[in-house]
**Q** 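Quick one: the structure is below, and I'll ask about it shortly.
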Amino acid sequence: MPLLRMSAGALFERCNDGAFFERLAQKYRSALFQHPAPSERRSWENSLPALAEVLCDAGLDDVEVLIEHQLPLTSLRADVVLAGSHPATGRPSYVIVELKQWSEARLLPGTDNLCLVRGMDNRPALHPVAQVRRYCDYLQDFTNVLTDQEDAVAGVAYLHYAADRDVSELFKLPDARAQLFTDTSRGELIQYLQTRLSALEGSPEGDFLLTSPQAPGRQLMRAAAAEIIDGGEFLLMDEQEVAARLVKRAADLSRQSDQKEVIVISGGPGSGKSVIALHLMGHLGRNGRSVVHATGSKSFTTTLRHVVGTRNGRIPKLFRYFLDFTSAERNGLDVLICDEAHRIRQRALGQGTHAGNRSGRSQVEELIDAARVPVFLLDEHQVVRPGEMGSVKTIHEAAHARGCVVRHVDLNSQFRYGGSRAYEHWVLRLLGLEPGGPIQWQTEGNFELFVAESPQEMEKYLRGQQESGRTSRMTAGFCWPWSDPRIDGSLVDDVVIGGWRRPWNLRGERAVGGAPVSSLWATDPSGFEQIGCIYTAQGFEYAWNGVIFGPDLVWRGNGWRAVREESKDHTVKKAAPDAFGRLIRNTYKVLLTRGLTGTVLYSTDPETQAKLASLVPTGIKQGP
């Protein structure tokens with residue numbers, strides 16, 4: 001929805017009245033629960049009059065202007081969307097306008113869609129044509145009435161303070177759907193808008209856009225179906241097939257029945273939860289259902305977007321975050337697949353969002369409300385942060401309170417795709433997450449477990465596995481500081497154990513020092529050179545797994561002791577005393593269950609190291 005809408009003529013008249021911009025600021029505060037930054041207000045005051053003059057000079061006084069229009073399922077806002085009818089076809093036509101106050105800009109060397117802009121302290125900015133093109137695709141992909149209207153949306157980037165010569169490099173990015181104009185080419189902009197919009201009143205087309213259901217369009221779903229799987233890629237076994245069938249059945253019934261079904265699928269690492277999710281994404285998309293995949297994990301979602309969007313950049317928009325559904329239309333989707341649902345939080349308070357913007361519902365209630373068939377896939381032993389509360393019980397209670405039928409499929413009874421059910425049971429007993437206490441590891445054919453005598457020995461063994469083509473990673477409890485890269489791009493060796501030193505994985509989404517971005521640490525081969533933590537390992541698996549127990553969890557006497565002062569995870573340290581120990585043990589459970597072929601253990605604490613060695617009598621093998 002826009003903050004304000006009016007005709008171009010009305011906008012031209014009101015831009016001369018300071019009260020108009022105050023009204024726009026009030027709308028901004030009401031919608032976002034914060035004051036607009038001074039730069040935002042200056043942008044309105046300088047750019048909106050420039051656009052209004054262009055529209056009136058083009059004879060488009062009656063075109064509808066949607067100011068600060070929020071794109072579906074995102075906090076992103078387009079500066080302006082112009083709504084009207086196409087002069088040739090008479091069909092609804094929309095132009096997204098990105099307004100820039102730039103006077104000089106050039107391409108960042110080595111790129112074609114990043115800019116360096118005068119006055120922005122050399123911070124790269126997305127090329128405005130690339131930006132507005134993404135807005136066009138996004139609006140069309142998630143607005144049902146536009147889904148099959150290929151030519152319904154176009155984009156304009158208007159640099160009204162710039163001359164062509166001062167931004168000449170920016171014209172090197174051609175795009176058939178989005179155009180760049182400056183003050184020099186103002187006349188061309190007028191002519192272009194006249195080819196996209198007629199002089200007729202545009203308010204009906206504005207209504208048409210704003211009242212459309214917001215969900216993935218048919219074209220996007222067809223593209224996703226072809227991209228994600230091609231029909232028989234994933235073979236589902238036993239309870240996996242049961243779970244998938246229940247979801248398909250519920251989707252088929254959802255439009256004929258007033259009874260809403262919620263499907264809960266629980267299972268440990270490697271039980272196939274994400275395989276089910278991707279199978280359903282492909283199947284439902286091929287059969288014309290609107291379906292979105294959501295998680296609470298940035299690393300997991302980013303990796304899925306990267307993998308499935310390699311050849312088609314539109315597909316990643318189907319992979320969302322739980323907090324994107326706070327204001328989603330009730331039952332707007334056919335199916336919402338909530339993967340890693342143990343990451344669901346009590347409240348969906350997004351970053352930078354004030355408490356007044358909450359929906360009044362818990363996050364699980366928001367997710368249930370967003371689709372005709374909500375699907376939750378979770379592992380209850382992976383709750384590792386305060387505020388996370390995704391569990392079978394919580395989802396059941398929320399669904400029943402809303403009058404929904406709940407169907408639960410437990411995948412824990414079937415074998416993992418990789419790894420070892422016996423090893424997972426050993427880990428649960430070791431950490432006290434199942435009763436009975438730690439037990440001796442019994443060697444088995446499809447999984448290996450070793451205790452290294454030092455971190456050097458662990459790294460040497462795992463490096464051999466990595467060099468032999470078996471994906472290997474080293475992880476550790478969050479017991480060391482986590483420094484930013486140095487100015488020269490090199491990483492700080494924060495994880496220090498005696499004479500052995502290694503850096504943490506990057507925490508940001510900009511690759512430096514030869515290390516992959518945070519979200520790709522588990523999948524990029526260069527991730528082996530850094531130590532991963534819970535924030536990058538959760539949700540991923542690799543062949544060989546090295547785990548360093550830090551001093552935040554130590555064995556004393558006949559049980560575990562969680563040591564709050566040794567943790568460097570400021571979020572987890574805030575947990576209540578009775579919750580802190582459980583969160584730390586869950587953290588190590590996640591770290592310990594990433595390996596599909598084998599795991600190597602080491603503890604920095606002598607008593608803990610001796611306990612582990614007593615439970616795993618086989619020494620580490622020298623060589624891969």
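Quick caveat, the model's predicted, so the values are computed rather than measured.
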**Q** With a 4.5 Å cut-off on side-chain heavy atoms, are Val375 and Val335 touching?
**A**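 They are in side-chain contact.
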**Q** Tell me, please, which residues at least two apart from Ala130 pass side chain to side chain contact (heavy atoms under 4.5 Å, CB included).
**A**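 Per chain and number, Ala130 pairs via side chain to side chain contact (heavy atoms under 4.5 Å, CB included) with Asn113, Leu126, His127, Arg134, Leu173.
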**Q** Keeping Trp555 on the side-chain end and Gln609 on the backbone end, is there a donor-acceptor pair under 3.5 Å?
**A** no
**Q** Ignoring hydrogens and angles, tell me if any N or O in the side chain of Lys273 forms a donor-acceptor pair with the backbone of Gly267 under 3.5 Å.
**A** yes
**Q** Check whether the side chains of Ser483 and Asp494 place a donor and an acceptor atom closer than 3.5 Å, and report yes or no.
**A**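 There is such a pair (donor and acceptor under 3.5 Å, judged by atom type) between the side chains of Ser483 and Asp494.
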**Q** Please work out whether the ring planes of Phe447 and Trp441 are parallel, tilted or perpendicular, with thresholds of 30° and 60°.
**A**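 Perpendicular, since the angle between the ring planes exceeds 60°.
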**Q** Please name all residues satisfying ring-ring contact (aromatic ring centres under 6.0 Å, His included) with Trp544, sequence neighbours left out, ordered by chain then number.
**A**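 By the ring-ring contact (aromatic ring centres under 6.0 Å, His included) rule, Trp544 matches Tyr461.
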**Q** Any chance CZ of Arg486 has more than 12 other-residue heavy atoms, nucleotides or ligands included, within less than 6.0 Å?
**A** yes
**Q** Write out all pairs satisfying salt bridge (charged side-chain N to carboxylate O under 4.0 Å, His left out) with one or both partners inside residues 475-484, taking only residues at least two apart or from two chains.
**A** Asp484-Arg507
**Q** Checking side chain to side chain contact (heavy atoms under 4.5 Å, CB included) against Ile265, which of Leu411, Ile337, Leu378 comes through?
**A**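 By the side chain to side chain contact (heavy atoms under 4.5 Å, CB included) criterion, Ile265 pairs with just one of Leu411, Ile337, Leu378: Leu411.
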**Q** List the steps and the verdict of side chain to side chain contact (heavy atoms under 4.5 Å, CB included) for Arg473 and Gln530.
**A** CA-CA 8 Å; Arg473 293 293 183 271; Gln530 306 89 46; over 6 Å; no
**Q** Counting C-beta onward and ignoring hydrogens, is there a side-chain heavy-atom pair between Asp339 and Phe376 closer than 4.5 Å?
**A** no
**Q** Atom CD in Glu380, atom CG in Asn586: separation rounded to 0.5 Å?
**A** 10.5 Å
**Q** I'd like to check the side chain to side chain contact (heavy atoms under 4.5 Å, CB included) partners of Gln442; sequence neighbours left out, ordered by chain and number.
**A**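 Scan of Gln442 (side chain to side chain contact (heavy atoms under 4.5 Å, CB included), adjacent residues dropped) gives Gln440.
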**Q** Does the side chain of Leu553 reach to within under 4.5 Å of the side chain of Arg585, using non-hydrogen atoms?
**A** yes
**Q** May I have the step-by-step check of side chain to side chain contact (heavy atoms under 4.5 Å, CB included) for Leu433 and Lys589, ending in yes or no?
**A** CA-CA 9 Å; Leu433 299 174; Lys589 188 267 181 182; 3.7 Å; yes
**Q** Could you tell me whether a side-chain N or O of Glu98 sits under 3.5 Å from a main-chain N or O of Pro128, the two making a donor and an acceptor?
**A** no
**Q** Side chains of Val563 and Val554: closer than 4.5 Å at any heavy-atom pair?
**A** yes
**Q** Quick one: OG1 on Thr295 to CZ on Phe322, what's the gap to the nearest 0.5 Å?
**A**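 Rounded to the nearest 0.5 Å, the OG1-CZ separation comes to 5.5 Å.
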**Q** If I take atom CG from residue Leu116 and atom CE from residue Met120, how far apart are they, to the nearest 0.5 angstrom?
**A** 9.0 Å
**Q** Are Arg502 and Glu459 within salt-bridge range, i.e. N to O under 4.0 Å?
**A** yes
**Q** Can you list the residues that meet the ring-ring contact (aromatic ring centres under 6.0 Å, His included) rule with Tyr588, with sequence neighbours excluded?
**A** Phe549
**Q** At what distance, to the nearest 0.5 angstrom, does CD1 of Ile497 lie from CH2 of Trp480?
**A** 4.5 Å
**Q** Under the side chain to side chain contact (heavy atoms under 4.5 Å, CB included) rule, collect the residues that match up with Glu467, sequence neighbours excluded.
**A** Arg463
**Q** Flag the pair Glu566 and Arg564 as a salt bridge only when some basic side-chain nitrogen lies within less than 4.0 angstrom of an acidic carboxylate oxygen.
**A** no
**Q** Can you name the side chain to side chain donor-acceptor pair (under 3.5 Å) partners of Tyr542, sequence neighbours left out?
**A** none
**Q** Could you check whether any side-chain N or O of Thr587 sits under 3.5 Å from a backbone N or O of Leu583, counting only pairs where one atom can act as donor and the other as acceptor?
**A**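 Yes, Thr587 side chain to Leu583 backbone: donor-acceptor pair under 3.5 Å.
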**Q** Are side-chain heavy atoms of Leu601 and Phe450 found at a separation under 4.5 Å?
**A**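 Leu601 does not reach Phe450 side chain to side chain.
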**Q** To the nearest 0.5 Å, how far apart are CZ in Arg561 and CD1 in Ile584?
**A**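 Answer rounded to 0.5 Å: 13.0 Å.
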**Q** So do the side chains of Leu449 and Trp426 get within less than 4.5 Å of each other, counting heavy atoms only?
**A** yes
**Q** Can you confirm whether the side chains of Tyr535 and Asp569 place a donor and an acceptor under 3.5 Å from each other?
**A**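 Checked: Tyr535/Asp569 side chains pair up, N/O donor to acceptor below 3.5 Å.
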**Q** Applying side chain to side chain contact (heavy atoms under 4.5 Å, CB included) to Cys115 and Leu108, what does each step give before you reach the verdict?
**A** CA-CA 5 Å; Cys115 307; Leu108 180 67; over 6 Å; no
**Q** Could you walk me through whether Val512 and Leu506 satisfy the side chain to side chain contact (heavy atoms under 4.5 Å, CB included) test, starting with their C-alpha distance in whole Å, then the side-chain angles of each, then the deciding distance to 0.1 Å, before giving a yes or no?
**A** CA-CA 8 Å; Val512 297; Leu506 291 176; 3.6 Å; yes
**Q** Under 3.5 Å, side chain of Asp141 to main-chain N/O of Tyr138, donor-acceptor pair present?
**A**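 Pair absent, no side-chain N/O of Asp141 close to backbone of Tyr138.
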**Q** Quick one: does Val291's side chain get under 4.5 Å of Leu333's, heavy atoms only?
**A**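 Counting from C-beta outward, Val291 and Leu333 never come under 4.5 Å.
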**Q** Between Ser603 and Asp605 (side chain of the first, backbone of the second, donor and acceptor by atom type, cut-off under 3.5 Å), is there such a pair?
**A**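 Checking the backbone N and O of Asp605 against the side chain of Ser603, a donor-acceptor pair under 3.5 Å is found.
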**Q** Distance check, rounded to the nearest 0.5 Å: Asp175 atom CG versus Arg133 atom CZ?
**A** 4.5 Å
**Q** Of all residues at least two apart in sequence or in a different chain, which pass the ring-ring contact (aromatic ring centres under 6.0 Å, His included) check with Phe478?
**A** Trp482, Trp504
**Q** For Trp102, give me all partners under ring-ring contact (aromatic ring centres under 6.0 Å, His included), at least two apart in sequence or on another chain.
**A**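 ring-ring contact (aromatic ring centres under 6.0 Å, His included) check on Trp102 returns nothing, list empty.
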**Q** Would you please name every residue forming a side chain to side chain donor-acceptor pair (under 3.5 Å) with Ser526, sequence neighbours left out?
**A** Asp524
**Q** Does any part of the side chain of Val547, heavy atoms only, come nearer than 4.5 Å to the side chain of Val600, both counted from C-beta?
**A**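 They are not in contact (no side-chain heavy atoms under 4.5 Å apart), so the answer is no.
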**Q** I'd like to check the salt bridge (Lys or Arg N to Asp or Glu O under 4.0 Å) partners of Arg118; sequence neighbours left out, ordered by chain and number.
**A** Glu104
**Q** Would you please name every residue forming a side chain to side chain contact (heavy atoms under 4.5 Å, CB included) with Ser614, sequence neighbours left out?
**A** Lys611
